[in-house]
Amino acid sequence: MDDSTKPDVMAIVITILLGCVAAFVSIGRKIDRSRTQFSWLWLSTEIGSCILAGFIGYESYPSIQTVSMLSWMPQSVFVILCVYSGSRLVILLEERANKAFPS
């Protein structure tokens with residue numbers, strides 16, 4: 001492997017750690033605001049949605065960077081924004097679904 005194809009391990013580790021912190025803050029805020037009761041199923045779905053949003057952001061960053069003007073934004077910051085935005089999107093979709101289909 002030459003230097004151009006070696007993964008930057010430290011950047012990947014920092015991205016994962018910062019993504020975990022963003023997920024922890026997002027989940028903590030939801031618990032603090034008492035939007036829902038705590039359960040292990042709820043916690044696992046929240047973590048899963050954060051992981052999914054982070055993975056999509058991490059994998060799509062090279063394509064998005066070449067198309068748009070994100071050359072100034074580091075990949076780790078983009079992934080953190082995806083984790084937080086993905087979590088917020090899930091909240092928005094839940095609220096809309098609850099209004100459309102009341103139980």
Side-chain angles (χ1 to χ4, degrees):
M1 225 186 254
D2 62 351
D3 285 340
S4 64
T5 58
K6 283 187 181 178
D8 187 2
V9 176
M10 187 56 112
I12 292 171
V13 169
I14 290 172
T15 300
I16 290 171
L17 289 175
L18 291 176
C20 290
V21 169
F24 177 75
V25 168
S26 176
I27 292 169
R29 288 182 59 146
K30 289 178 190 174
I31 292 173
D32 187 43
R33 289 185 180 168
S34 300
R35 289 184 178 248
T36 184
Q37 286 185 315
F38 178 81
S39 70
W40 290 108
L41 177 63
W42 175 81
L43 181 64
S44 64
T45 58
E46 289 295 320
I47 291 172
S49 67
C50 290
I51 290 171
L52 178 64
F55 178 75
I56 291 171
Y58 184 81
E59 290 295 321
S60 65
Y61 179 78
S63 301
I64 292 173
Q65 185 182 24
T66 59
V67 174
S68 67
M69 297 171 54
L70 286 179
S71 59
W72 57 270
M73 184 183 294
Q75 186 173 13
S76 57
V77 173
F78 181 74
V79 170
I80 292 166
L81 289 175
C82 287
V83 168
Y84 183 75
S85 299
S87 178
R88 299 296 301 161
L89 178 64
V90 169
I91 292 172
L92 178 69
L93 292 175
E94 285 176 5
E95 289 173 355
R96 296 243 173 139
N98 287 335
K99 286 181 184 176
F101 306 108
S103 55

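As a basis for the values below, the full set of heavy atoms in this structure was taken, side chains included, without hydrogen atoms, waters or symmetry mates.
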> Spell out, yes or no, whether V83 and L89 are grouped together once hydrophobic residues are joined by side-chain heavy atoms under 4.5 Å, including indirect joins.
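No, V83 and L89 fall in different hydrophobic clusters.
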
> Say whether Y58 and F55 are linked into one hydrophobic cluster, either directly or through other cluster members, by side-chain heavy-atom distances under 4.5 angstrom.
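No, it is not one cluster - the side chains of Y58 and F55 are not joined through contacts under 4.5 Å.
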
> Taking all non-hydrogen atoms of both residues, which atom of A53 and which atom of C82 are closest, and how far apart?
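What the structure gives for the nearest pair is CB-O, 3.4 Å.
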
> What distance do I56 atom CD1 and I51 atom CD1 have between them, rounded to the nearest 0.5 Å?
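Atom-to-atom, I56:CD1 and I51:CD1 are 12.0 Å apart.
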
> Mind listing the closest non-hydrogen atom pair of Y61 and P74 along with its distance?
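Answer, listing the atom of Y61 first, then P74: OH-C, 3.8 Å.
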
